[in-house]
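Below: one structure, written as structure tokens.
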Amino acid sequence: MNFSDLGLIEPILKAVKDQGYTQPTPIQEQSIPILLKKRDLLGCAQTGTGKTAAFTIPILQHLNAEVDFNQRKKIRALIITPTRELALQINENIIAYSKYTKLNSTVIFGGVKQTKQVNSLKQGVDILVATPGRLLDLIGQGFISLKDIKYFVLDEADQMLDMGFIHDIKKVLEKLPQQRQSLFFSATMAPPIVELSQKILNNSERVTIKPEQTTAEKVEQSVYMVSKDDKVGLLSFLIKSKKAESTLVFSRTKHGANKVVQKLAKFDIPADAIHGNKSQPARVKALENFKAGNIKVLVATDIAARGIDIDKLSLVVNFDLPNIPETYVHRIGRTGRAKASGEAISFCSAEERSYLRDIQKLIRQDIPLITEQPYHDTSPEEAPPKQGGGGNRGRQGGGNKSARPNNKKKFYRKRD
Ligand code: AMP
């Protein structure tokens with residue numbers, strides 16, 4: 001299927017072509033026709049699937065037909081997303097896809113002064129991309145009215161709940177007009193998420209894209225057994241020997257991310273960190289430097305990195321294994337985006353073996369173990385989890401549920 005088969009208008013087709021997209025991705029192919037019919041949509045998909053174009057393109061097409069460009073602009077479409085980085089990225093996409101139309105957009109998020117954002121709102125915008133806190137703040141101050149919203153998107157709903165945004169979202173919902181088209185996206189569909197979707201959607205259609213398997217299949221994965229103390233040594237060895245253009249390193253904690261950056265400096269490897277304790281300008285700058293190739297190693301926590309779209313990201317390193325297996329899939333999905341393939345390396349210490357077992361169970365695949373490395377730990381207690389047959393590559397037995405102690409609680413964790 002081609003984009004021209006989807007019934008899109010010429011200015012959008014041209015913009016899509018400029019982006020170098022030749023064919024719609026599965027989520028675009030399935031969602032765009034539903035959205036052009038103005039149906040509500042429940043999209044079970046994560047970033048990396050092309051979902052931003054899937055939801056922004058139909059909104060642009062509707063607005064282009066509806067907006068009277070001689071009148072003062074009103075906010076007609078609202079897209080809420082959990083992190084500032086995602087908000088910026090969505091707005092960049094909108095700017096790219098709307099470049100041959102007269103539609104405009106702006107983005108608002110917390111952690112920076114509001115003046116610029118308010119000024120741009122005062123100019124008048126058709127589409128607003130926002131994180132929940134700043135949105136409510138500016139509504140409260142009278143700079144934003146949601147009374148003309150015709151299109152509403154809640155992006156990354158699972159992450160929203162995970163970051164404790166549920167009350168903010170409910171407040172926003174109260175302010176939205178009843179007559180609207182609503183879109184709801186989430187990578188997972190746990191009961192609290194389904195419940196929230198029911199509050200938002202009306203007679204919706206559902207599209208499910210399962211990137212879990214596809215991502216996991218596309219990315220070349222491996223695991224290195226290494227003691228906690230040797231992890232930085234191994235990381236520097238890999239960065240130097242792999243000569244990767246860009247390496248995204250995941251740390252479980254903000255403090256850990258800073259420490260990795262400091263220790264890498266001792267190995268003459270410049271790196272930067274992004275996480276919730278860094279100021280917004282510092283996060284944006286680090287990301288821009290990384291995207292531009294000025295810094296080849298970026299160390300991030302999950303919240304800061306989720307959904308970040310980095311072209312040509314060649315290597316993802318799980319410095320710490322996540323205790324929630326789905327997070328592993330989100331992380332390795334940073335490489336191997338769209339049609340590219342990539343590499344993901346995971347470090348596993350003795351304490352993390354049960355996490356590895358759960359991950360392998362989720363992706364239904366055994367991650368190859370690399371023993372030919374200077375820091376391989378051969379002590380029995382550091383050995384990989386017992387395999388269900390076929391040496392190191394055998395299928396894992398039943399997952400160890402105790403490895404995910406506070407999994408339920410995580411949905412309501414306070415924001416990063
Ligand atoms: P997203 O899931 O929206 O974050 O998109 C993931 C990546 O896929 C981004 O780099 C997009 O620019 C890219 N992308 C989106 N749609 C297509 C397409 N139809 N063909 C190729 N790349 C695409």
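Both counts, for ligands and for their atoms, begin at 1 and track the order of listing.
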Worksheet item: Of the options Leu41, Leu36, Thr25, which is the one that meets Ser31 in a side chain to side chain contact (heavy atoms under 4.5 Å, CB included)?
Response: Leu41
Worksheet item: Are any of the side-chain nitrogens in Asp320 or Lys231 under 4.0 Å away from the carboxylate oxygens of its partner?
Response: yes
Discussion item. I'd like to check which ligand 1 atoms, numbered from 1 as shown, lie under 4.0 Å from a non-hydrogen atom of Gln23.
Written reply: 18 (C), 19 (N), 20 (N)
Item to complete: Considering the heavy atoms of Phe3, write down every atom of ligand 1 situated less than 4.0 Å from one of them.
Response: 19 (N)
Discussion item. If you measure every N or O of Asn93 against every N or O of ligand 1, does any of those distances drop under 3.5 Å?
Written reply: no
Worksheet, complete the sentence: For Thr52, the ligand 1 atoms with a heavy-atom partner under 4.0 Å come out as 1 (P), 3 (O), 4 (O)
Worksheet item: In terms of side-chain heavy atoms, does His255 have a donor or acceptor partner in Asn277 at a distance below 3.5 Å?
Response: no
Worksheet item: Below 6.0 angstrom between ring centroids: does that apply to Tyr375 and Tyr224?
Response: no
Worksheet entry | Worked check of side-chain hydrogen bond (donor to acceptor under 3.5 Å, both in side chains) between Gln23 and Glu29 | CA-CA 9 Å; Gln23 284 181 323; Glu29 201 175 309; over 6 Å; no
Fill in: Heteroatom distance test (Thr22, ligand 1): nitrogen or oxygen, under 3.5 angstrom
no
Worksheet item: Would one find an N or O of Tyr97, backbone or side chain, under 3.5 Å from an N or O of ligand 1?
Response: no
